[in-house]
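A short worksheet on the structure shown next.
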Protein chains: 2
Amino acid sequence: MKHTTNGSLMTDIILETFKLNGLLVLEGDLLINDLGLTSARWKVLGALSNGPGPMTVSDIARMMGQSRQAVQRLSNEMIQAGLLETQPNPKHQRAKLMKLTGKGKRAYEQAMQKQIPWVNSIAENFKEKELKLVSSLLEKLISQLDS
Amino acid sequence: MKHTTNGSLMTDIILETFKLNGLLVLEGDLLINDLGLTSARWKVLGALSNGPGPMTVSDIARMMGQSRQAVQRLSNEMIQAGLLETQPNPKHQRAKLMKLTGKGKRAYEQAMQKQIPWVNSIAENFKEKELKLVSSLLEKLISQLDS
DNA sequence: TATAAAATGACAACATGTTGACACTATATA
DNA sequence: TATATAGTGTCAACATGTTGTCATTTTATA
């Protein structure tokens, strides 16, 4: 059995995704390491910042597409670091709600102030139409795999 | 400072790349775990299969865009597992050349026999033109970051 | 209501990746 | 040729992710 034309192109995209992911994590860490953040913590801050409000660890994990255990460990560390705090969850006795502290909010804002010029500069070499197409194709691919 | 239109779209693409990477690794592991392979080992087999011939660990690492130490550990394990073997390197006394064993070749072929129908099926929901555009944009993005 | 099923936090084991440091080898250059 | 520079294997520490298991809590259902 052989790759179809599309299958071969999709294989290229998959390998590119692996490589790009590694590069992006490295760049992200580099961008914000002076803020006491890492790419992993940044993603948690982002989930809480862009989410509907305080969320449980499991909510955050589902939003990020990661295991709740991974997010749990990060969250615990981030509470120790003063970036997150818990508040009681009326819906669940054990699953406390996570929210950003003032320090967490400031860290996220500072991170975004670094990310914005960085990403704007990278993105200016592309056409808006192309970026839209890529984003929507990746989204479609994710929802196909995320079953 | 704010995101430009392109910067905002590129940020979406970055977050999608994180999520897609995780899903792809999981799917890959699932696809081939009955062959005694993992996504990580598969990538090494792929590098050697698609490369110009026997390569050093450092060569493979550069090709995969990963640290040589990570590839070294995988390679050592894969030699133990009989998937790879070394041969002397006339160019370098310590940096031996890595090549696939018969078992390694068969494992890679079996993996591809699983990957091909899987990726063909996923890819048939997309247009060739779009896939080409996505692949080339990702490639361009990688080369921008890979400095 | 009683009980089965699902969700959650905690802990452990493991896989995969990074970086740093060290000794050794190969290569470029003064 | 002598020496600085770069590449390489090895080892260690660590970050980030997975899965499995267990006890507990919540939710769904018979």
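Both backbone and side-chain heavy atoms feed into the values below; hydrogens, waters and symmetry mates do not. Residue numbers begin at 1 in each chain, while the letters A, B, ... track the order of the sequences.
Within the 4.0 Å cut-off from OP1 or OP2 of D:dT25, not a single side-chain nitrogen or oxygen of A:Lys96 is found. One finds a side-chain N or O of A:Ser67 lying less than 4.0 angstrom from the OP1 or OP2 phosphate oxygen of D:dT18. Under 4.0 angstrom from either OP1 or OP2 of D:dA15 there lies no side-chain N or O belonging to A:Thr38. Residue A:Arg62 places at least one side-chain N or O closer than 4.0 Å to OP1 or OP2 of C:dT8. Between A:Ser58 and C:dG9 there is a side-chain polar atom (N or O) within less than 4.0 angstrom of OP1 or OP2. Taking side-chain N and O atoms only, B:Gln72 has a distance below 4.0 Å to OP1 or OP2 of D:dT10.
Taking 3.5 Å as the limit, the base of D:dT25 and the side chain of A:Arg94 contain no donor-acceptor pair of atoms between them. For D:dG9, its base never sits under 3.5 Å from the side chain of B:Gln93 at any donor and acceptor pair. Below the 3.5 angstrom threshold, one finds a donor paired with an acceptor across the side chain of A:Arg73 and the base of D:dG17.
Taking only side-chain atoms of A:Ala95, from C-beta outward, the nucleotide of C:dA10, D:dT10, C:dG9 with the closest atom is C:dG9. Taking the side chain of B:Val57 as heavy atoms from C-beta on, and the options D:dG9, C:dT8, D:dG17, the nearest nucleotide is D:dG9. Taking the side chain of A:Ala70 as heavy atoms from C-beta on, and the options D:dT10, D:dT18, C:dT8, the nearest nucleotide is D:dT18.
The interatomic distance linking B:Asn89 (CG) with D:dT8 (C1') rounds to 11 Å, in whole Å. We find that CG of A:Asn76 is positioned 15 Å from P of D:dA15, with the value rounded to whole Å. Here the P atom of nucleotide C:dG17 and the CG atom of A:Asp29 are 15 Å apart, to the nearest Å. The distance from atom NZ of A:Lys19 to atom P of C:dG17 is 14 Å, rounded to the nearest whole Å. Atom P of nucleotide C:dG9 and atom CG of A:Leu74 are separated by 14 Å, given to the nearest angstrom. As a whole-Å value, the separation of B:Glu27 CD from D:dT18 C1' is 15 Å. In this structure, B:Leu30 places its CG atom 16 Å from C1' of C:dA15, rounding to the nearest Å. Note: CZ (A:Phe18) to P (C:dT18) measures 14 Å, nearest angstrom.
Classification of A:Lys105 and A:Glu109 as a salt-bridged pair fails, no side-chain N sitting under 4.0 Å from a carboxylate O.
Using a 4.5 Å heavy-atom cutoff, the side chains of B:Met1 and A:Met112 are not in contact. Looking at heavy atoms from C-beta onward, B:Asp12 lies out of side-chain contact with A:Glu139 at the 4.5 angstrom threshold.
A donor-acceptor distance shorter than 3.5 angstrom exists from the side chain of A:Thr101 to the backbone of A:Leu83, with no hydrogens or angles considered.
Put simply, CG on B:Leu9 and OG on A:Ser135 are 6.5 Å apart, with the number rounded to the nearest 0.5 Å. The structure places OG1 of B:Thr17 at 6.5 Å from CG of B:Leu138, a figure rounded to the nearest 0.5 Å.
B:Gln69 comes within 4.0 angstrom of a nucleotide base, judged by non-hydrogen atoms across all strands.
The residue among A:Arg68 and A:Lys91 whose nearest nucleotide of DNA chain D lies closer to the 5′ end is A:Arg68. Residue A:Met64 is the one, among A:Met64 and A:His92, whose nearest nucleotide of DNA chain D lies closer to the 5' end (criterion: closest heavy atom).
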